[in-house]
Protein chains: 2
Amino acid sequence: MRDNNDMPGHLARRFQQIAVAVFLAEVGDAGFDLTPVQYAALATIKANPGLDQVTLAGLIAYDRTTITGVIDRLVQKGLAERRASSRDRRARELEITDEGKRTLRKITPAVDSAQRIMLRGLSAKEGEELMRLLHKTIAAGNELSRAPLRDMQA
Amino acid sequence: MRDNNDMPGHLARRFQQIAVAVFLAEVGDAGFDLTPVQYAALATIKANPGLDQVTLAGLIAYDRTTITGVIDRLVQKGLAERRASSRDRRARELEITDEGKRTLRKITPAVDSAQRIMLRGLSAKEGEELMRLLHKTIAAGNELSRAPLRDMQA
DNA sequence: GGATATTGCTCAGTATGCTGACTATCAGTA
DNA sequence: TACTGATAGTCAGCATACTGAGCAATATCC
């Protein structure tokens, strides 16, 4: 029988497990309490002010039922705001707060450091190749998860 | 600012997300109700009859607090058994049931198929290279997560 | 042999991630 | 305009993962 550790799915889980641990350690050491998921959401809100929750979810490939809780926590921490949209009364427009911007700015070195640490076993060239292969695999499988990556609609 | 989609951590999360979705779809289509985590645990119990929970957790890099619930569900489904150890009264010895063995045997084609599908964007050579790079990265980061991979002790 | 440290397991609490269902609202059409 | 379908968001429920704490039992050291 094939060893679990030779299965792509198992390696995927393990890589993600280490990536999250490294992120939390680096960000925690820097004095911040933000998860990888919360960071990605906050950075994307900053880059696209006023976007709604479904669009945000699509940009970072989160499930729409997951994003609700993530935003709840960002709002609760005072890093983001949720407002009713004037154009569509079903939608909520998301904004980053000044506190959120400050946090993002100060947290960036720790986030970058985490990305380096999680690839520390590879040479620079190998790291790029890993990124390329992951991109390619993910692009081919994008529609296979309930929460695929989506572009901005205009 | 760097795009989320260019960060190793984000690619790790996305690859894992797709891997799980593909696994559940293939296994579900084959008529089984087993998660990737439950499958890995069950296969490892079969390969190492009588092992205790901490050893099992080490072999597949699960946290010891996570493995409790996973085994609960395997036992509840009648696929595994948990017995008190005679040598160490703290420990529980794990065994696979006949039903568990039958399930593993019949589920294998779906599991293999899932591993192929999640790499379908890559050539055979690229797939092998991805596996090699993931192995290398994971080995270098093994001790960075709370639940590192461990060998069998003797 | 007795104090101390370690280990195996469990539990409470929190954060993703998913399925499936539901409400409110919007968009398109007959 | 009334009907139909799609969409934005939420909720309940379940399964990983983790932190930190605690209990029981074993190992170690003086």
Euclidean distance, atom [atom1] of residue [X] to atom [atom2] of [N] [Å, nearest integer]:
X        : N      : atom1 : atom2 : answer
B/Gln17  : D/dT16 : CD    : C1'   : 14 Å
A/Asp33  : C/dT14 : CG    : P     : 13 Å
B/Phe23  : D/dA15 : CZ    : P     : 15 Å
B/Arg146 : C/dA15 : CZ    : P     : 16 Å
A/Tyr62  : C/dA15 : OH    : P     : 14 Å
A/Ile18  : D/dC18 : CD1   : P     : 10 Å
B/Gln38  : D/dT16 : CD    : C1'   : 10 Å
B/Asp52  : C/dC9  : CG    : C1'   : 10 Å

For [N], does either OP1 or OP2 sit under 4.0 Å from a side-chain N or O belonging to [X]?
X       : N      : value
B/Thr35 : D/dT16 : yes
B/Arg89 : C/dC9  : no
B/Arg92 : C/dT10 : yes
A/Arg82 : D/dT10 : yes

- Which listed nucleotide (D/dT19, D/dG9, C/dC18) is nearest to the side chain of B/Asp63?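 The closest nucleotide is D/dT19.
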- Closest to the side chain of A/Val54, out of C/dG8, D/dT10, D/dG9, is D/dG9
Describe the nucleic acid contact of [X] in one word from base, sugar-phosphate, nothing, applying a heavy-atom distance below 4.0 Å.
X       : result
B/Gln16 : sugar-phosphate
A/Thr66 : base
A/Ala21 : nothing
A/Arg64 : base

- Given that B/Ser145 and A/Thr65 both sit by DNA chain D, which one's nearest nucleotide is further toward the 5' end?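 With B/Ser145 and A/Thr65 compared, the 5'-side residue is A/Thr65.
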[X] with [Y], same ILVMFWY side-chain cluster at under 4.5 Å:
X        : Y        : value
B/Phe32  : B/Leu74  : yes
A/Ile60  : A/Leu134 : no
B/Leu133 : B/Met131 : yes
A/Leu119 : A/Leu11  : yes

- For B/Asp33, does the CG atom have more than 12 heavy-atom neighbours from other residues, nucleotides or ligands under 6.0 Å away? no
- Considering heavy-atom distances to DNA chain C, does A/Arg87 or A/Gly69 have its closest nucleotide positioned more toward the 5' end?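 Its nearest nucleotide lies further toward 5', so the answer is A/Gly69.
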- Message: Heavy-atom nearest nucleotide on DNA chain C for A/Asp88 versus A/Arg73: which residue maps closer to 5'?
- Response: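 Going by which nucleotide is closer to the 5' end, it is A/Arg73.
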- Query: With no angle test and no hydrogens, is the base of D/dT7 tied to the side chain of A/Arg90 by a donor-acceptor pair under 3.5 Å?
  - Reply: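 Per atom types, the contact qualifies.
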- Taking the inter-plane angle between the rings of A/Tyr62 and B/His10 on a 0 to 90° scale, is it parallel (under 30°), tilted (30 to 60°) or perpendicular (over 60°)?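 Rings of A/Tyr62 and B/His10: parallel, as their planes differ by under 30°.
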